[in-house]
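These numbers come from a predicted model, not from an experiment. All values below were derived from every heavy atom in this structure, side-chain atoms included, with hydrogens, water molecules and symmetry-related copies excluded. Letters go in sequence order (proteins before strands), and every chain restarts at 1.
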Amino acid sequence: MLNRVDDNIFEVPMGHQKGMRVPGRIFISDKLLTQVEPGTIDQVANVATLPGIVKYSMAMPDAHLGYGFPIGGVAAFREDGGVISPGGVGFDINCGVRMLRTDLFAKDAVPMISSLVDDLFHDVPSGVGAKGRLRVSEHELDEVFTRGAAWAVEAGYGVPEDLEHCEENGFMEGGKPDQVSLKARKRGRPQLGTLGSGNHFLEIQRVDRIFDDGLARRFGLSEGQITVMIHCGSRGAGHQICTDHLQVLSRAVRKYGIELPDKQLACAPLGTPEAESYFGAMAAAANYAWANRQIISAWTREVFERHFPGASLDLVYDIAHNVAKVEEHSVDGTMERLVVHRKGATRAFGPGRREIPQAYRDLGQPVIIPGSMGTPSYVLCGGEGAMRLTFGSACHGAGRIMSRTQAKKIYGGSEVKEALMRRGIKVMATHPKMLSEEAPEVYKPSDEVVEVVDQLNIARKVARVVPLGVSKG
DNA sequence: ATGTCC
(Lines give C-alpha, C1' and ligand atoms only; values in the text may rest on other atoms or scores of the structure.)
Protein backbone atom coordinates (compact mmCIF):
# COMPACT_ATOMS: atom_id res chain seq x y z
CA MET A 1 0.00 0.00 0.00
CA LEU A 2 2.81 2.42 0.95
CA ASN A 3 6.27 2.38 -0.61
CA ARG A 4 9.32 3.08 1.52
CA VAL A 5 11.42 5.90 0.08
CA ASP A 6 13.93 6.19 2.90
CA ASP A 7 14.13 5.97 6.69
CA ASN A 8 11.11 7.98 7.93
CA ILE A 9 9.80 8.66 4.40
CA PHE A 10 6.95 6.72 2.80
CA GLU A 11 5.22 7.24 -0.54
CA VAL A 12 1.50 6.93 -1.25
CA PRO A 13 1.67 5.73 -4.86
CA MET A 14 -0.35 7.29 -7.68
CA GLY A 15 -2.35 4.06 -7.91
CA HIS A 16 -3.78 4.53 -4.40
CA GLN A 17 -6.67 6.60 -5.66
CA LYS A 18 -8.14 7.54 -9.04
CA GLY A 19 -7.23 11.02 -10.23
CA MET A 20 -4.07 11.58 -8.19
CA ARG A 21 -1.92 14.21 -9.91
CA VAL A 22 1.12 13.63 -7.68
CA PRO A 23 2.12 10.93 -5.20
CA GLY A 24 1.70 11.36 -1.46
CA ARG A 25 4.55 11.50 1.02
CA ILE A 26 4.29 10.68 4.70
CA PHE A 27 7.24 11.61 6.91
CA ILE A 28 6.98 9.13 9.74
CA SER A 29 8.76 6.33 11.57
CA ASP A 30 7.79 2.68 11.13
CA LYS A 31 6.51 2.63 14.69
CA LEU A 32 4.31 5.72 14.39
CA LEU A 33 3.02 4.56 11.00
CA THR A 34 1.31 1.60 12.69
CA GLN A 35 -0.86 4.11 14.59
CA VAL A 36 -2.03 6.02 11.50
CA GLU A 37 -5.60 5.15 10.48
CA PRO A 38 -6.10 4.01 6.84
CA GLY A 39 -8.51 6.94 6.41
CA THR A 40 -5.66 9.40 7.00
CA ILE A 41 -3.67 7.86 4.15
CA ASP A 42 -6.77 8.05 1.93
CA GLN A 43 -7.02 11.76 2.78
CA VAL A 44 -3.39 12.29 1.71
CA ALA A 45 -4.31 10.63 -1.61
CA ASN A 46 -7.50 12.71 -1.96
CA VAL A 47 -5.55 15.96 -1.59
CA ALA A 48 -3.21 14.74 -4.33
CA THR A 49 -6.11 14.96 -6.82
CA LEU A 50 -6.53 18.74 -6.40
CA PRO A 51 -5.65 20.96 -9.39
CA GLY A 52 -2.20 22.54 -9.43
CA ILE A 53 -0.72 20.55 -6.52
CA VAL A 54 3.08 20.60 -6.60
CA LYS A 55 5.44 17.65 -5.98
CA TYR A 56 3.56 15.71 -3.27
CA SER A 57 0.58 15.72 -0.97
CA MET A 58 2.38 15.52 2.35
CA ALA A 59 1.71 14.42 5.91
CA MET A 60 3.82 14.91 9.01
CA PRO A 61 4.54 12.24 11.68
CA ASP A 62 1.63 13.50 13.83
CA ALA A 63 -0.90 13.02 11.00
CA HIS A 64 -4.46 12.03 11.79
CA LEU A 65 -7.95 12.37 10.29
CA GLY A 66 -9.16 15.89 9.64
CA TYR A 67 -11.87 17.70 7.70
CA GLY A 68 -11.01 16.84 4.09
CA PHE A 69 -7.26 17.29 4.47
CA PRO A 70 -5.46 15.31 7.19
CA ILE A 71 -4.33 17.19 10.28
CA GLY A 72 -0.56 17.23 9.95
CA GLY A 73 -1.03 17.86 6.23
CA VAL A 74 1.07 20.09 3.96
CA ALA A 75 0.10 20.83 0.35
CA ALA A 76 1.45 23.50 -2.01
CA PHE A 77 -0.34 24.75 -5.13
CA ARG A 78 1.12 26.78 -7.98
CA GLU A 79 -0.34 30.25 -8.34
CA ASP A 80 -1.16 29.50 -11.97
CA GLY A 81 -3.65 26.64 -12.05
CA GLY A 82 -3.74 25.84 -8.34
CA VAL A 83 -6.46 26.17 -5.74
CA ILE A 84 -7.02 27.34 -2.18
CA SER A 85 -9.09 25.18 0.19
CA PRO A 86 -10.40 25.94 3.69
CA GLY A 87 -10.07 22.23 4.46
CA GLY A 88 -6.32 22.62 4.00
CA VAL A 89 -6.21 25.22 6.76
CA GLY A 90 -8.79 23.88 9.18
CA PHE A 91 -11.58 25.36 11.24
CA ASP A 92 -9.32 26.90 13.85
CA ILE A 93 -7.53 29.31 11.52
CA ASN A 94 -4.07 30.21 12.90
CA CYS A 95 -4.33 27.93 15.82
CA GLY A 96 -0.79 28.40 17.05
CA VAL A 97 1.56 28.43 19.95
CA ARG A 98 3.96 30.88 21.55
CA MET A 99 6.64 30.46 24.15
CA LEU A 100 7.74 33.07 26.66
CA ARG A 101 10.91 32.69 28.70
CA THR A 102 11.13 34.02 32.23
CA ASP A 103 14.23 34.96 34.20
CA LEU A 104 13.03 32.63 36.97
CA PHE A 105 14.36 29.22 37.82
CA ALA A 106 12.55 26.14 39.11
CA LYS A 107 13.69 26.51 42.71
CA ASP A 108 12.05 29.95 42.99
CA ALA A 109 8.92 29.20 41.00
CA VAL A 110 7.91 25.70 42.12
CA PRO A 111 6.45 26.81 45.49
CA MET A 112 4.33 29.38 43.65
CA ILE A 113 3.01 27.16 40.84
CA SER A 114 -0.34 26.44 42.46
CA SER A 115 -1.05 30.12 43.03
CA LEU A 116 0.20 31.07 39.56
CA VAL A 117 -2.10 28.51 37.91
CA ASP A 118 -5.08 29.67 40.01
CA ASP A 119 -4.50 33.26 38.94
CA LEU A 120 -3.88 32.40 35.28
CA PHE A 121 -7.09 30.33 35.27
CA HIS A 122 -8.95 33.29 36.74
CA ASP A 123 -7.38 36.08 34.68
CA VAL A 124 -7.35 34.39 31.26
CA PRO A 125 -10.91 33.27 30.48
CA SER A 126 -11.19 29.79 29.00
CA GLY A 127 -13.74 27.18 27.99
CA VAL A 128 -16.24 26.70 25.18
CA GLY A 129 -17.95 29.99 24.37
CA ALA A 130 -15.90 31.86 26.98
CA LYS A 131 -16.14 35.63 26.73
CA GLY A 132 -13.24 37.90 27.44
CA ARG A 133 -12.45 40.75 29.79
CA LEU A 134 -12.26 43.35 27.07
CA ARG A 135 -14.91 44.82 24.82
CA VAL A 136 -13.47 46.06 21.56
CA SER A 137 -15.41 48.42 19.31
CA GLU A 138 -16.37 47.47 15.76
CA HIS A 139 -13.58 49.72 14.54
CA GLU A 140 -11.06 48.05 16.84
CA LEU A 141 -12.21 44.66 15.59
CA ASP A 142 -11.37 45.79 12.04
CA GLU A 143 -7.90 46.71 13.30
CA VAL A 144 -7.56 43.26 14.88
CA PHE A 145 -8.50 41.62 11.56
CA THR A 146 -6.00 43.68 9.58
CA ARG A 147 -3.11 44.20 12.01
CA GLY A 148 -3.26 41.33 14.49
CA ALA A 149 -0.68 41.44 17.27
CA ALA A 150 0.56 44.85 16.05
CA TRP A 151 -2.82 46.30 17.01
CA ALA A 152 -2.66 44.56 20.40
CA VAL A 153 0.80 45.98 21.14
CA GLU A 154 -0.33 49.51 20.21
CA ALA A 155 -3.37 49.06 22.45
CA GLY A 156 -1.01 48.39 25.35
CA TYR A 157 -0.85 44.60 25.34
CA GLY A 158 2.85 43.96 25.15
CA VAL A 159 5.95 45.62 23.75
CA PRO A 160 7.25 46.15 20.19
CA GLU A 161 9.95 43.51 20.79
CA ASP A 162 7.15 40.94 20.92
CA LEU A 163 6.39 41.54 17.25
CA GLU A 164 10.03 41.01 16.34
CA HIS A 165 9.70 37.50 17.75
CA CYS A 166 6.54 36.37 15.95
CA GLU A 167 6.09 34.51 12.70
CA GLU A 168 5.04 37.23 10.19
CA ASN A 169 5.82 39.78 12.92
CA GLY A 170 2.41 39.01 14.39
CA PHE A 171 0.21 39.77 11.41
CA MET A 172 -0.42 38.76 7.82
CA GLU A 173 -0.92 41.20 4.98
CA GLY A 174 -4.21 40.85 3.14
CA GLY A 175 -6.69 40.50 5.99
CA LYS A 176 -10.05 41.74 4.67
CA PRO A 177 -12.62 42.60 7.35
CA ASP A 178 -15.21 43.12 4.60
CA GLN A 179 -15.01 39.39 3.84
CA VAL A 180 -15.87 38.51 7.44
CA SER A 181 -19.59 37.91 7.99
CA LEU A 182 -21.64 39.74 10.61
CA LYS A 183 -22.08 36.42 12.39
CA ALA A 184 -18.32 35.84 12.59
CA ARG A 185 -17.83 39.37 13.93
CA LYS A 186 -20.55 38.84 16.51
CA ARG A 187 -18.93 35.62 17.74
CA GLY A 188 -15.42 37.04 17.63
CA ARG A 189 -15.91 40.40 19.30
CA PRO A 190 -16.55 39.27 22.87
CA GLN A 191 -14.07 36.38 22.65
CA LEU A 192 -10.88 38.33 22.05
CA GLY A 193 -8.48 37.50 24.87
CA THR A 194 -9.81 34.01 25.62
CA LEU A 195 -8.07 30.66 25.52
CA GLY A 196 -10.87 28.43 24.24
CA SER A 197 -11.20 24.74 24.82
CA GLY A 198 -10.05 21.32 23.59
CA ASN A 199 -6.28 21.00 23.38
CA HIS A 200 -5.75 24.71 23.95
CA PHE A 201 -3.83 25.56 27.10
CA LEU A 202 -1.72 27.98 29.05
CA GLU A 203 1.17 26.14 30.68
CA ILE A 204 4.02 26.90 33.07
CA GLN A 205 7.06 24.78 32.28
CA ARG A 206 10.63 24.02 33.27
CA VAL A 207 13.43 23.55 30.74
CA ASP A 208 14.61 20.03 31.55
CA ARG A 209 17.02 19.34 28.72
CA ILE A 210 19.14 21.25 26.22
CA PHE A 211 20.11 19.47 22.98
CA ASP A 212 21.98 22.30 21.24
CA ASP A 213 23.88 24.73 23.49
CA GLY A 214 24.51 27.37 20.82
CA LEU A 215 20.93 27.56 19.57
CA ALA A 216 19.53 27.41 23.11
CA ARG A 217 21.68 30.40 24.06
CA ARG A 218 20.36 32.36 21.08
CA PHE A 219 16.78 31.45 22.06
CA GLY A 220 17.62 32.55 25.62
CA LEU A 221 16.97 29.11 27.12
CA SER A 222 18.93 27.23 29.77
CA GLU A 223 18.33 24.21 31.96
CA GLY A 224 16.05 24.72 34.96
CA GLN A 225 14.59 27.94 33.54
CA ILE A 226 10.85 28.60 33.78
CA THR A 227 8.97 29.10 30.51
CA VAL A 228 5.32 29.72 29.62
CA MET A 229 3.50 28.31 26.61
CA ILE A 230 0.24 29.64 25.17
CA HIS A 231 -1.65 27.45 22.70
CA CYS A 232 -4.84 28.88 21.18
CA GLY A 233 -6.38 30.18 17.99
CA SER A 234 -9.06 32.35 16.42
CA ARG A 235 -11.99 31.04 18.52
CA GLY A 236 -15.53 31.36 17.21
CA ALA A 237 -14.48 34.00 14.68
CA GLY A 238 -12.16 31.67 12.76
CA HIS A 239 -14.63 28.80 13.01
CA GLN A 240 -17.45 30.92 11.57
CA ILE A 241 -15.19 32.29 8.80
CA CYS A 242 -14.29 28.74 7.79
CA THR A 243 -17.95 27.64 7.87
CA ASP A 244 -19.10 30.67 5.82
CA HIS A 245 -16.44 30.28 3.14
CA LEU A 246 -16.85 26.51 2.83
CA GLN A 247 -20.35 27.29 1.56
CA VAL A 248 -19.03 29.80 -0.96
CA LEU A 249 -16.29 27.43 -2.14
CA SER A 250 -18.69 24.47 -2.44
CA ARG A 251 -20.57 26.54 -5.01
CA ALA A 252 -17.25 27.48 -6.65
CA VAL A 253 -16.42 23.79 -7.13
CA ARG A 254 -19.51 23.41 -9.33
CA LYS A 255 -19.02 26.79 -11.03
CA TYR A 256 -15.45 26.03 -12.08
CA GLY A 257 -16.10 22.35 -12.79
CA ILE A 258 -13.62 20.90 -10.28
CA GLU A 259 -13.93 17.15 -9.66
CA LEU A 260 -13.44 16.16 -6.03
CA PRO A 261 -13.19 12.74 -4.40
CA ASP A 262 -14.53 14.28 -1.17
CA LYS A 263 -16.87 17.27 -0.74
CA GLN A 264 -14.80 18.38 2.24
CA LEU A 265 -12.02 19.39 -0.18
CA ALA A 266 -14.12 22.36 -1.40
CA CYS A 267 -11.77 24.86 -3.03
CA ALA A 268 -11.54 27.59 -5.65
CA PRO A 269 -8.98 28.28 -8.38
CA LEU A 270 -6.42 30.87 -7.27
CA GLY A 271 -7.15 34.31 -8.67
CA THR A 272 -10.96 33.84 -8.74
CA PRO A 273 -13.15 36.14 -6.60
CA GLU A 274 -14.10 33.18 -4.38
CA ALA A 275 -10.45 32.33 -3.69
CA GLU A 276 -9.56 35.99 -3.02
CA SER A 277 -12.50 36.35 -0.69
CA TYR A 278 -11.53 33.26 1.34
CA PHE A 279 -7.87 34.30 1.48
CA GLY A 280 -8.82 37.75 2.82
CA ALA A 281 -11.13 36.28 5.44
CA MET A 282 -8.60 33.60 6.41
CA ALA A 283 -5.88 36.24 6.85
CA ALA A 284 -8.31 38.28 9.00
CA ALA A 285 -8.88 35.23 11.23
CA ALA A 286 -5.13 34.59 11.38
CA ASN A 287 -4.62 38.17 12.56
CA TYR A 288 -7.36 37.76 15.17
CA ALA A 289 -5.49 34.72 16.53
CA TRP A 290 -2.18 36.63 16.74
CA ALA A 291 -3.92 39.45 18.60
CA ASN A 292 -5.53 36.89 20.89
CA ARG A 293 -2.22 35.28 21.86
CA GLN A 294 -0.69 38.73 22.33
CA ILE A 295 -3.44 39.86 24.74
CA ILE A 296 -3.24 36.59 26.70
CA SER A 297 0.53 37.12 26.98
CA ALA A 298 -0.04 40.56 28.52
CA TRP A 299 -2.37 39.13 31.18
CA THR A 300 0.08 36.30 31.83
CA ARG A 301 2.80 38.90 32.44
CA GLU A 302 0.53 40.68 34.94
CA VAL A 303 0.01 37.45 36.89
CA PHE A 304 3.77 36.82 37.04
CA GLU A 305 4.41 40.44 38.01
CA ARG A 306 2.12 40.06 41.03
CA HIS A 307 3.99 36.94 42.18
CA PHE A 308 7.50 37.99 41.18
CA PRO A 309 7.74 41.79 40.93
CA GLY A 310 10.19 42.79 38.21
CA ALA A 311 10.30 39.33 36.59
CA SER A 312 10.71 39.38 32.83
CA LEU A 313 8.69 37.34 30.31
CA ASP A 314 10.25 37.74 26.88
CA LEU A 315 8.71 36.19 23.81
CA VAL A 316 10.91 33.45 22.35
CA TYR A 317 8.66 32.91 19.34
CA ASP A 318 5.07 32.60 18.13
CA ILE A 319 4.11 30.20 15.35
CA ALA A 320 1.00 29.47 13.31
CA HIS A 321 0.08 25.88 12.62
CA ASN A 322 -3.18 26.27 10.66
CA VAL A 323 -2.76 28.69 7.78
CA ALA A 324 -2.16 29.08 4.02
CA LYS A 325 0.59 31.40 2.78
CA VAL A 326 2.07 32.60 -0.48
CA GLU A 327 5.75 31.60 -0.47
CA GLU A 328 8.54 31.02 -2.95
CA HIS A 329 10.04 27.56 -3.06
CA SER A 330 12.49 25.74 -5.23
CA VAL A 331 10.61 23.24 -7.40
CA ASP A 332 12.92 21.00 -9.41
CA GLY A 333 15.59 23.70 -9.44
CA THR A 334 13.44 26.78 -10.21
CA MET A 335 11.89 29.19 -7.73
CA GLU A 336 8.09 29.22 -7.93
CA ARG A 337 5.40 31.17 -6.10
CA LEU A 338 3.19 28.70 -4.30
CA VAL A 339 0.25 28.79 -1.93
CA VAL A 340 1.40 26.51 0.87
CA HIS A 341 -1.38 25.06 3.03
CA ARG A 342 -0.30 23.94 6.48
CA LYS A 343 -2.94 22.28 8.63
CA GLY A 344 -1.60 21.08 11.93
CA ALA A 345 1.86 21.77 10.59
CA THR A 346 4.27 24.58 11.39
CA ARG A 347 6.51 26.57 9.14
CA ALA A 348 10.10 25.46 9.71
CA PHE A 349 12.20 27.56 7.34
CA GLY A 350 15.91 26.92 7.39
CA PRO A 351 18.50 29.71 7.79
CA GLY A 352 18.47 32.80 5.59
CA ARG A 353 14.83 33.12 4.51
CA ARG A 354 13.73 36.75 4.58
CA GLU A 355 10.39 35.81 6.17
CA ILE A 356 12.21 34.85 9.40
CA PRO A 357 12.39 37.77 11.85
CA GLN A 358 15.83 39.39 11.99
CA ALA A 359 16.55 38.01 15.46
CA TYR A 360 16.67 34.44 14.13
CA ARG A 361 17.23 34.81 10.39
CA ASP A 362 20.76 33.43 10.45
CA LEU A 363 19.66 30.40 12.48
CA GLY A 364 16.37 29.27 10.96
CA GLN A 365 12.84 29.64 12.24
CA PRO A 366 12.20 28.49 15.81
CA VAL A 367 9.67 25.65 15.83
CA ILE A 368 7.58 25.09 18.94
CA ILE A 369 5.96 21.69 19.28
CA PRO A 370 3.62 21.34 22.26
CA GLY A 371 3.17 17.92 23.80
CA SER A 372 -0.11 16.77 25.26
CA MET A 373 -1.12 17.72 28.80
CA GLY A 374 1.50 16.30 31.12
CA THR A 375 4.07 15.39 28.47
CA PRO A 376 7.15 17.32 27.29
CA SER A 377 7.06 20.06 24.66
CA TYR A 378 9.96 20.86 22.35
CA VAL A 379 11.69 23.86 20.87
CA LEU A 380 13.43 23.14 17.58
CA CYS A 381 15.01 25.15 14.79
CA GLY A 382 14.04 24.83 11.12
CA GLY A 383 16.66 23.17 8.93
CA GLU A 384 17.81 22.34 5.44
CA GLY A 385 15.69 19.17 5.30
CA ALA A 386 12.50 21.22 5.56
CA MET A 387 13.44 23.32 2.53
CA ARG A 388 14.38 20.22 0.53
CA LEU A 389 11.53 17.91 1.57
CA THR A 390 8.46 19.69 2.96
CA PHE A 391 8.18 23.25 1.57
CA GLY A 392 9.72 24.43 4.85
CA SER A 393 7.31 22.64 7.20
CA ALA A 394 7.42 20.49 10.34
CA CYS A 395 4.90 18.72 12.55
CA HIS A 396 2.86 20.67 15.10
CA GLY A 397 2.25 18.40 18.06
CA ALA A 398 1.73 14.92 19.30
CA GLY A 399 -1.46 14.05 17.41
CA ARG A 400 -4.44 12.18 18.82
CA ILE A 401 -4.62 8.40 18.71
CA MET A 402 -8.25 8.10 19.84
CA SER A 403 -11.45 10.12 19.54
CA ARG A 404 -12.74 12.37 22.28
CA THR A 405 -15.76 10.07 22.70
CA GLN A 406 -13.53 7.03 23.15
CA ALA A 407 -11.26 8.91 25.56
CA LYS A 408 -14.20 9.88 27.79
CA LYS A 409 -15.20 6.19 28.07
CA ILE A 410 -11.75 5.11 29.24
CA TYR A 411 -10.44 7.97 31.39
CA GLY A 412 -12.19 9.86 34.18
CA GLY A 413 -11.48 13.56 34.61
CA SER A 414 -10.71 13.47 38.33
CA GLU A 415 -8.39 10.45 37.95
CA VAL A 416 -6.46 12.25 35.22
CA LYS A 417 -6.15 15.31 37.43
CA GLU A 418 -4.94 13.25 40.40
CA ALA A 419 -2.46 11.29 38.29
CA LEU A 420 -0.95 14.57 37.08
CA MET A 421 -0.92 15.97 40.63
CA ARG A 422 1.10 12.95 41.79
CA ARG A 423 3.67 13.86 39.14
CA GLY A 424 3.79 17.39 40.52
CA ILE A 425 1.69 18.97 37.75
CA LYS A 426 -1.11 21.27 38.86
CA VAL A 427 -4.06 21.40 36.44
CA MET A 428 -7.11 23.67 36.40
CA ALA A 429 -9.91 23.12 33.87
CA THR A 430 -13.42 24.49 33.38
CA HIS A 431 -14.87 20.98 33.14
CA PRO A 432 -13.56 17.55 34.26
CA LYS A 433 -14.59 15.97 30.95
CA MET A 434 -11.99 18.17 29.23
CA LEU A 435 -9.32 16.39 31.26
CA SER A 436 -10.49 12.93 30.17
CA GLU A 437 -10.57 14.01 26.52
CA GLU A 438 -7.07 15.43 26.85
CA ALA A 439 -5.49 12.66 28.97
CA PRO A 440 -1.81 12.19 28.02
CA GLU A 441 -2.60 8.61 26.95
CA VAL A 442 -4.87 9.70 24.07
CA TYR A 443 -1.93 11.30 22.24
CA LYS A 444 1.11 9.92 20.48
CA PRO A 445 4.31 10.36 22.50
CA SER A 446 5.65 13.78 21.53
CA ASP A 447 9.24 12.48 21.83
CA GLU A 448 8.76 10.00 18.97
CA VAL A 449 7.10 12.56 16.70
CA VAL A 450 9.88 15.09 17.29
CA GLU A 451 12.56 12.46 16.67
CA VAL A 452 11.32 12.01 13.08
CA VAL A 453 11.66 15.69 12.11
CA ASP A 454 15.01 15.90 13.90
CA GLN A 455 16.41 12.87 12.07
CA LEU A 456 15.32 14.25 8.68
CA ASN A 457 16.86 17.63 9.60
CA ILE A 458 13.46 19.20 8.99
CA ALA A 459 13.95 20.84 12.39
CA ARG A 460 16.73 20.26 14.93
CA LYS A 461 15.98 19.72 18.60
CA VAL A 462 17.08 22.65 20.76
CA ALA A 463 15.37 22.20 24.13
CA ARG A 464 12.76 20.15 25.90
CA VAL A 465 10.39 21.58 28.51
CA VAL A 466 8.18 19.74 30.99
CA PRO A 467 4.91 21.00 32.47
CA LEU A 468 4.59 22.26 36.04
CA GLY A 469 1.15 23.83 35.90
CA VAL A 470 -1.61 24.01 33.29
CA SER A 471 -4.76 26.10 32.80
CA LYS A 472 -7.21 24.54 30.34
CA GLY A 473 -10.61 25.30 28.81
C1' DA B 1 -11.30 23.20 16.93
C1' DT B 2 -16.55 24.84 17.69
C1' DG B 3 -22.59 28.97 20.98
C1' DT B 4 -19.69 20.10 19.90
C1' DC B 5 -27.16 20.50 15.42
C1' DC B 6 -30.78 26.67 13.64
Exercise for the section: Send over the distance from K186(A) NZ to dT2(B) C1', rounded to a whole Å. Expected result: 17 Å

Problem - Length of the CD-P vector between Q191(A) and dT2(B), whole Å - result: 8 Å

Practice task
Anything under 30° is parallel, anything over 60° is perpendicular, the rest tilted; go ahead and classify F77(A) against H341(A).
Solution key: perpendicular

Practice task
Could you tell me the separation between the CZ atom of R404(A) and the P atom of dT2(B), rounded to a whole number of Å?
Solution key: 9 Å

Practice task
Send over the distance from H239(A) NE2 to dT4(B) C1', rounded to a whole Å.
Solution key: 8 Å

Completion exercise
Separation of dT2(B) atom C1' from H245(A) atom NE2, nearest Å, is 17 Å

Completion exercise
Atom CD1 of I93(A) and atom C1' of dT2(B) are separated, to the nearest Å, by 12 Å

Exercise for the section: Just call it for K433(A): base, sugar-phosphate, or nothing, with non-hydrogen atoms closer than 4.0 Å on any strand. Expected result: base

Practice task
Check every strand shown and say whether G233(A) touches a base, only sugar-phosphate, or nothing at a heavy-atom separation below 4.0 Å.
Solution key: nothing

Handout entry: Flag if over 12 foreign heavy atoms under 6.0 Å of CD, Q247(A)
Key = no

Handout entry: S114(A): partners by side chain to side chain contact (heavy atoms under 4.5 Å, CB included), with sequence neighbours left out
Key = D118(A), K426(A)

Exercise for the section: Mind checking ring-ring contact (aromatic ring centres under 6.0 Å, His included) for Y317(A) and listing every partner two or more places apart, or none if nothing turns up? Expected result: Y360(A)

Completion exercise
Atom NZ of K183(A) and atom P of dC5(B) are separated, to the nearest Å, by 14 Å

Practice task
Tell me what S197(A) touches on the nucleic acid: a base, only sugar-phosphate, or nothing, going by heavy atoms under 4.0 Å.
Solution key: sugar-phosphate

Handout entry: Separation of atom CG in N94(A) from atom C1' in dT2(B), rounded to whole Å
Key = 16 Å

Practice task
Respond yes when some side-chain nitrogen or oxygen of R235(A) is under 4.0 Å from OP1 or OP2 of dT2(B), and no when none is.
Solution key: yes

